[in-house]
There are 2 protein chains.
Amino acid sequence: MYRIGELAKQCQVKADTLRFYEKHGLLAPSVRSDAGYRLYSNMDAARLRFILRAKAVGFSLNEIAELLSIELDKANWACADVKGMVDTKLVQVQLKLAELEHFRDSLQSLSEACCGGPESAEHCSILEALESSSQAVRREAGTACEPQIQVHANNKAQAKLGRQSC
Amino acid sequence: MYRIGELAKQCQVKADTLRFYEKHGLLAPSVRSDAGYRLYSNMDAARLRFILRAKAVGFSLNEIAELLSIELDKANWACADVKGMVDTKLVQVQLKLAELEHFRDSLQSLSEACCGGPESAEHCSILEALESSSQAVRREAGTACEPQIQVHANNKAQAKLGRQSC
DNA sequence: ATAAACCTTAGAGTCAACTCCAGGGTCAAG
DNA sequence: CTTGACCCTGGAGTTGACTCTAAGGTTTAT
């Protein structure tokens with residue numbers, strides 16, 4: 001059993017945050033000591049890690065509470081309800097995964113294309129990578145081009161030539 | 001070129017949000033009309049989509065601004081700086097990816113284990129899946145067990161027996 | 001030429017998620 | 001038996017990210 005400060009330190013959050021989570025129904029210690037101290041079990045700690053992981057990938061505390069409520073109210077719900085809820089979250093997670101993979105790919109190609117040397121990054125192909133990562137709408141021929149875009153088109157040509165953009 | 005309301009609708013945000021992003025240095029329209037109206041190019045739109053994608057996977061606006069500043073200040077930085085920054089973000093993204101995959105796996109096993117029928121979910125293996133998804137610290141033999149944990153151990157036995165937890 | 005539907009700014013308000021503070025209780029070490 | 005490090009509660013304050021309001025200017029359709 002951990003006291004609030006111990007669990008907080010272990011998970012790199014503040015004790016206040018744990019009290020906040022308790023007030024909002026996300027995580028209550030399974031036991032209190034005689035003096036009223038919160039005592040957290042290993043299961044409580046696991047639940048906290050679950051919460052923090054969900055938070056780190058962009059879920060709000062409300063969404064997390066919804067997910068966790070499955071665990072709490074499970075006697076009052078039908079399997080179908082539970083499965084529906086889980087599947088909904090699953091779709092959300094898969095969408096996030098796809099976005100993150102897209103994200104990673106663009107950062108990766110950015111990193112690979114950049115020589116990493118001491119030169120100015122002025123001609124680095126960052127712009128290009130970010131653009132393609134953002135699914136930039138292709139410029140149709142005939143559209144007015146700003147100066148920067150000229151530079152960028154230039155970069156693209158360079159990159160094509162020798163994969164050397166810096 | 002899109003006016004603020006058009007771009008906002010296209011990306012499912014409010015016009016106010018775009019003005020907010022401009023004030024905070026994330027996205028400025030490349031042109032203003034004679035009357036002072038903001039006019040966004042396709043590149044601006046791509047940049048906005050990049051911002052929204054990053055936000056959806058849990059990056060703060062400050063972190064996103066940091067990433068985007070690469071694009072803006074590239075003339076003032078060495079390639080090494082840029083590469084370092086990108087690689088740092090890349091590590092963060094890969095961490096998030098790992099968490100999300102872990103997350104997806106636990107939701108998936110949850111969904112598969114649950115029959116989805118009209119029965120009470122009381123004996124559904126949700127607890128188990130959430131626990132394992134949270135990398136629950138293994139209970140050592142000899143540690144005091146709460147009643148719920150007994151129930152859970154029971155569930156686990158059921159699940160082992162026939163993969164039928166509902 | 002005028003109403004509806006846009007746009008502008010500056011500044012105030014809202015909401016989520018903490019974070020801190022005051023005033024007090026608990027507990028192990030010296 | 002007190003000192004210092006912890007804990008408690010209730011409530012106020014902060015930060016990030018919008019979101020809205022007021023007071024006005026612009027565009028477009030009739």
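Residue numbers begin at 1 in each chain, while the letters A, B, ... track the order of the sequences.
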Can you give me every donor-acceptor pair (side chain of residues 90-101 of chain B, partner residue at least two apart or in another chain, under 3.5 Å) with its distance?
residue, atom, partner, partner atom, Å
B:K96, NZ, A:A56, O, 2.8

Calculate the interatomic distance between [X] atom [atom1] and [N] atom [atom2]; express it in whole Å.
X	N	atom1	atom2	result
A:Q12	C:dT19	CD	P	13 Å
B:R3	D:dT27	CZ	C1'	7 Å
A:F20	D:dT15	CZ	C1'	13 Å
B:Y40	C:dT8	OH	C1'	12 Å
B:D16	C:dT9	CG	C1'	11 Å
A:D34	C:dG25	CG	P	17 Å
A:L39	C:dT26	CG	C1'	13 Å
B:E6	D:dT27	CD	P	14 Å

Phosphate OP1/OP2 of [N] contacted by [X] side-chain N/O (<4.0 Å):
X	N	result
A:R38	D:dT9	yes
B:Y21	D:dA17	no
B:R19	C:dT8	yes
B:K14	D:dC20	yes
A:R32	D:dT9	yes

Sugar-phosphate only, base, or nothing, as touched by A:S60 at under 4.0 Å among non-hydrogen atoms: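 If one applies the 4.0 Å heavy-atom cut-off, A:S60 turns out to touch the sugar-phosphate alone, with no base involved.
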Sugar-phosphate, base or nothing in reach of A:K55, heavy atoms under 4.0 Å: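 The answer is sugar-phosphate, as A:K55 gets under 4.0 Å only of primed atoms, P, OP1 or OP2.
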Donor-acceptor pairs under 3.5 angstrom involving side-chain atoms of residues 6-19 of chain A: please list them, not counting sequence neighbours.
residue, atom, partner, partner atom, Å
A:E6, OE1, A:R3, N, 2.7
A:D16, OD1, A:R19, NH1, 3.0

Cluster check B:L61, A:F59: I/L/V/M/F/W/Y, side chain < 4.5 angstrom: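 Yes, same cluster.
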A:Y37 side chain, from C-beta outward: closest of D:dC7, D:dG25, C:dA17: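 In terms of side-chain proximity for A:Y37, the closest of D:dC7, D:dG25, C:dA17 is D:dC7.
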Which nucleotide in D:dA17, C:dA17, D:dT9 has an atom nearest any side-chain atom of A:L61: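 Closest nucleotide among those given: C:dA17.
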5′-ward residue of the pair A:T17/B:I4 relative to DNA chain C: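 Going by which nucleotide is closer to the 5' end, it is B:I4.
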Pairwise side-chain contact, A:R53 with B:F103, heavy-atom cut-off 4.5 Å (strictly under):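 Result yes, sub-4.5 Å side-chain heavy-atom pair found.
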B:K23 vs B:N62, nearer the 5' end of DNA chain D by closest nucleotide: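 Taking each residue's closest nucleotide, the earlier one in sequence belongs to B:N62.
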Under 3.5 Å: donor-acceptor pair, side chain of B:S111, backbone of B:L107: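 The answer is no, because no donor-acceptor pair under 3.5 Å joins these two groups.
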